[in-house]
Amino acid sequence: MSSPLDDLNASLAAAVTALAGGQPVSAQLQLERPKQPEHGDFATNAALAVAKGLGIQPREFAEQLTEELGRQLGPTLVSAEVAGPGFVNLVLADEWYGGAVDAVIEAGDQWGGAVAYPPLQINIEFVSANPTGPVHVGGTRNAVYGDALARLFSFVGHKVHREYYVNDAGSQIRALGVSVQARARGEEPPEDGYQGEYIIALAADIPGAGDLPADEVARLAVELMVAEAERSLARLRVVFDDWFHETTLHAGSPSPVAKALTILDSDGRTYISDEALWLRTTEFDDDKDRVLERSSGEHTYFASDIAYHQDKLDRGFDLMIDVWGADHHGYIKRMHAAISALGHDPACLELLIMQLVHLVDSGERAQMSKRAGDFVTLDELIEDIGVDAARWFLLERSHETTIELDLKLAREESAENPVYYVQYAHARIASLLARGVAEAGPDVSTDEPLHASERALVRKLLEFPGEVADAAERRSPHRIASYALSTAQAFSAFYRDCPVLDVGPAQRDFRLRLCAASGQVLARSLDLLGVSAPQSMTRD
RNA sequence: GCGCCCGUAGCUCAGUGGAUAGAGCGCCCGCCUCCGGAGCGGGAGGCCGCAGGUUCGAAUCCUGCCGGGCGCGCCA
């Protein structure tokens, strides 16, 4: 699929190459959308980037470039002017804009998407909250982020596998079993157990929990918690391909963990000290070596994790992405070291860190103490502000920044939310298109030049493939939210300035097509965020 | 002390080398004979944390400070 912008870029590159005497030009040429309308439809810094290497004044090169572009583009180019230190500002003909809208509509659902060569098999592991309690707000941010990333990767042509790592082994699980058992007997959980209200409900849901062995109670409790997490996440429109249980890493003989340790051992990456087994992660830039097997004989979480990632590699994934909470950032170096120690390129594992969500209610920090059990859960958040607003609020900011989510604001002013603004634009387009089909316009042929709002909207739609590629490349789905909002704004400006239905047939046809293209791009943008794109919106 | 993230409008945040730094919310002033007013137009509000450096050009890249968050276990 070739986009009009690609073609324009190709013409620019050809012009620059021609002027450089046929030599390949290494500098990066950029076609930009100027902020100032008087700077044309598109601007390029090509002269600034290239002239110095050729020993020419930028403005002089820019002058030559305008002439060469005129030859390359013919009547498509209305004007090309040199400005400032050597920018070239381009204005393109209405016909080019018409062709651009056609290209968007022709590409249809695939506009903005790509076919990756080769497509990567990507395993994206996210949420992976411990099954000892409900998924809370931090996990919810992690969920919508991982899911949006998966949607992006898939749209640009990769094969994506969504995976949830169920940490169903270890001391915390034992604590869960003991806590549920205690509640079943009408007793208080131990000091270091789980105190939340949900433990009481859990105990009630497990017949005979008071009499069964703690390990068995724990196993049943984990099953219930995982099922609940799966239900909650599905409500959020997050569905996993696989729920990988840590216990499977310890099962069998030899177990996956044992096999991983054998690999490390045979390569001389481990040693014994103080009766514990250590991995020489310092050989790979870690701050200190790390324990794999404690002096008690138990494996560390780290050992399980190494075996888990070896398992992912064995399953044939080209790229592994783990989405972790901010408190795990100190774990990154040792994990990369482990991948290296296993004999793989550490670049095949990407560890993305989500910063925190601070819940604010009426301007005050909401309580999120997990121990007290009164933290806000995924389910509560959805009840409060709805799935679309929840996803939007958690996705509209970079995952690298802490965000504040004011519940009161999200509740009371939901009608003023950006997400509704974007959805509203989509619904309005659907309404226009429906009427456009049903009604016949007056039979007056017009040949009006395009309005500035029309041209701006078309340029906005043309940016979509670049935005998608950027968002995927930088693992930044929040860029799609920004794009969707500004596109909805561009559409609203067009809607304000340009009557669609009550104009001559030629203009009406073009504007309906522009509406269709806009609706298509907005729908796709919202879909990449997992937010619905309604055909109509009804006010309460 | 070390590591990661952050510091941009009153608030929440976009903007990883381009021209006069943006959006949402809040505030002020206007706009419903009009394809959906969940809307639109205008306005006030900025030493882009500080100081150097790199270059035609820096919010953006480099160095050093200052401030905030989160981590630094034979826990998970």
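Naming convention: chains lettered A, B, ... in sequence-line order (proteins, then strands); numbering from 1 in each chain. Values below: all heavy atoms of this structure, side chains included; hydrogens, waters and symmetry mates excluded.
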- prompt: Which residues satisfy the salt bridge (Lys or Arg N to Asp or Glu O under 4.0 Å) test with A:Arg475, sequence neighbours excluded?
  reply: A:Glu350

field: Residue that, paired with A:Gln423, satisfies side-chain contact (heavy atoms from CB on, under 4.5 Å) out of A:Ser536, A:Pro534, A:Pro418
entry: A:Pro534

task: Let me have a per-nucleotide readout for nucleotides 70-76 of chain B, 5' to 3', with B, S or -, counting only protein heavy atoms under 4.0 Å.
output: BS-SBSB

Reckon [X] touches a base, only the sugar-phosphate, or nothing at all at heavy-atom distances under 4.0 Å?
X: A:Gln36; value: base
X: A:Cys515; value: nothing
X: A:Leu292; value: nothing
X: A:Ala493; value: nothing
X: A:Ala83; value: base
X: A:Asn89; value: base
X: A:Pro418; value: sugar-phosphate
X: A:Gln57; value: nothing

message: Does the structure place the NZ or CZ of A:Lys312 under 6.0 Å from the centre of the six-membered ring of A:Tyr308, at an angle of no more than 45° from the ring's axis?
response: yes

Can you tell which of [options] lies closest to the side chain of [X]?
X: A:Arg479; options: B:G15, B:G24, B:G18; answer: B:G15
X: A:Gln489; options: B:G15, B:A23, B:G36; answer: B:A23
X: A:Phe87; options: B:A23, B:G37, B:G18; answer: B:G18
X: A:Thr401; options: B:U12, B:A14, B:C40; answer: B:A14
X: A:Arg397; options: B:G18, B:G39, B:A14; answer: B:A14
X: A:Tyr495; options: B:G18, B:C40, B:C35; answer: B:C35
X: A:Ala43; options: B:U20, B:A19, B:C40; answer: B:A19

task: Decide, for B:C61, between syn and anti: a glycosidic angle within 90° of 0 counts as syn, anything else as anti.
output: anti

- request: Return the stems involving RNA chain B, sorted by first number, where pairs are Watson-Crick (N1-N3 with N6-O4 or O6-N4) or G-U wobble (N1-O2 and O6-N3), both under 3.5 Å, and runs are 3 or more long.
  value: B:1-7 with B:66-72, B:10-13 with B:22-25, B:27-31 with B:39-43, B:49-53 with B:61-65

Side chain to side chain donor-acceptor pair (under 3.5 Å) against [X], all qualifying residues, sequence neighbours excluded:
X: A:Arg474; result: none
X: A:Glu81; result: none
X: A:Arg334; result: none
X: A:Tyr165; result: none

task: May I ask you to decide whether A:Glu463 forms a salt bridge with A:Arg459, counting only side-chain N to carboxylate O separations under 4.0 Å?
output: no

query: Does the distance from a Lys or Arg side-chain N to an Asp or Glu carboxylate O, for A:Arg455 and A:Asp41, drop under 4.0 Å?
result: yes

Using atom [atom1] in both nucleotides, what's the gap between [N] and [M] to the nearest angstrom?
N: B:A9; M: B:C48; atom1: P; value: 10 Å
N: B:G41; M: B:G26; atom1: P; value: 16 Å
N: B:U12; M: B:C47; atom1: P; value: 16 Å
N: B:G18; M: B:C61; atom1: P; value: 11 Å
N: B:C29; M: B:U33; atom1: C1'; value: 24 Å
N: B:A21; M: B:G46; atom1: C1'; value: 9 Å
N: B:G43; M: B:C50; atom1: C1'; value: 32 Å
N: B:A59; M: B:U8; atom1: C1'; value: 7 Å

May I have the distance from [X] (atom [atom1]) to [N] (atom [atom2]), rounded to whole angstrom?
X: A:Glu404; N: B:G69; atom1: CD; atom2: P; answer: 13 Å
X: A:Arg496; N: B:C32; atom1: CZ; atom2: P; answer: 16 Å
X: A:Asp285; N: B:C4; atom1: CG; atom2: C1'; answer: 14 Å
X: A:Glu473; N: B:U16; atom1: CD; atom2: P; answer: 14 Å
X: A:Phe393; N: B:C25; atom1: CZ; atom2: P; answer: 10 Å
X: A:Asp406; N: B:G24; atom1: CG; atom2: P; answer: 19 Å
X: A:Leu359; N: B:U12; atom1: CG; atom2: C1'; answer: 14 Å
X: A:Trp392; N: B:A23; atom1: CH2; atom2: C1'; answer: 11 Å

- request: Return the set of residues passing ring pair (Phe, Tyr, Trp, His ring centres under 6.0 Å) with A:His478 (not counting sequence neighbours), or none when no residue passes.
  value: none

Ring pair (Phe, Tyr, Trp, His ring centres under 6.0 Å) involving A:Phe284 - partner list, sequence neighbours excluded: none

message: Please compare A:Cys498 and A:Ser476 by the position of their nearest nucleotide in RNA chain B and report the one closer to 5'.
response: A:Ser476

message: Judged by each residue's nearest nucleotide on RNA chain B, which is more toward the 5′ side, A:Phe494 or A:Glu400?
response: A:Glu400

What pairs of nitrogen or oxygen atoms, one from the protein and one from nucleotides 56-62 of chain B, lie under 3.5 Å apart?
residue, atom, partner, partner atom, Å
B:C56, OP1, A:Lys52, NZ, 2.5

Under-4.0 Å side-chain N/O to phosphate OP1/OP2 contact, [X] with [N]:
X: A:Tyr420; N: B:G37; result: no
X: A:Arg428; N: B:G39; result: no
X: A:Ser431; N: B:G36; result: yes

query: Roughly how far, to the nearest 0.5 Å, is the OH atom of A:Tyr424 from the CE atom of A:Met537?
result: 9.0 Å

- request: Keeping to residues at least two apart or across chains, list the ring pair (Phe, Tyr, Trp, His ring centres under 6.0 Å) pairs with something in residues 483-507 of chain A.
  value: A:Phe464-A:Tyr483, A:Phe491-A:Phe494

- prompt: Are side-chain N/O atoms of A:Thr401 and A:Gln355 paired as donor and acceptor at under 3.5 Å?
  reply: no

statement: side chain to side chain contact (heavy atoms under 4.5 Å, CB included) filter on A:Thr270, not counting sequence neighbours, yields A:Leu264, A:Asp265, A:Leu277, A:Leu279, A:Leu292

- prompt: Any stacking of A:His39 on B:A19, going by centres under 5.5 angstrom and planes within less than 30 degrees?
  reply: yes

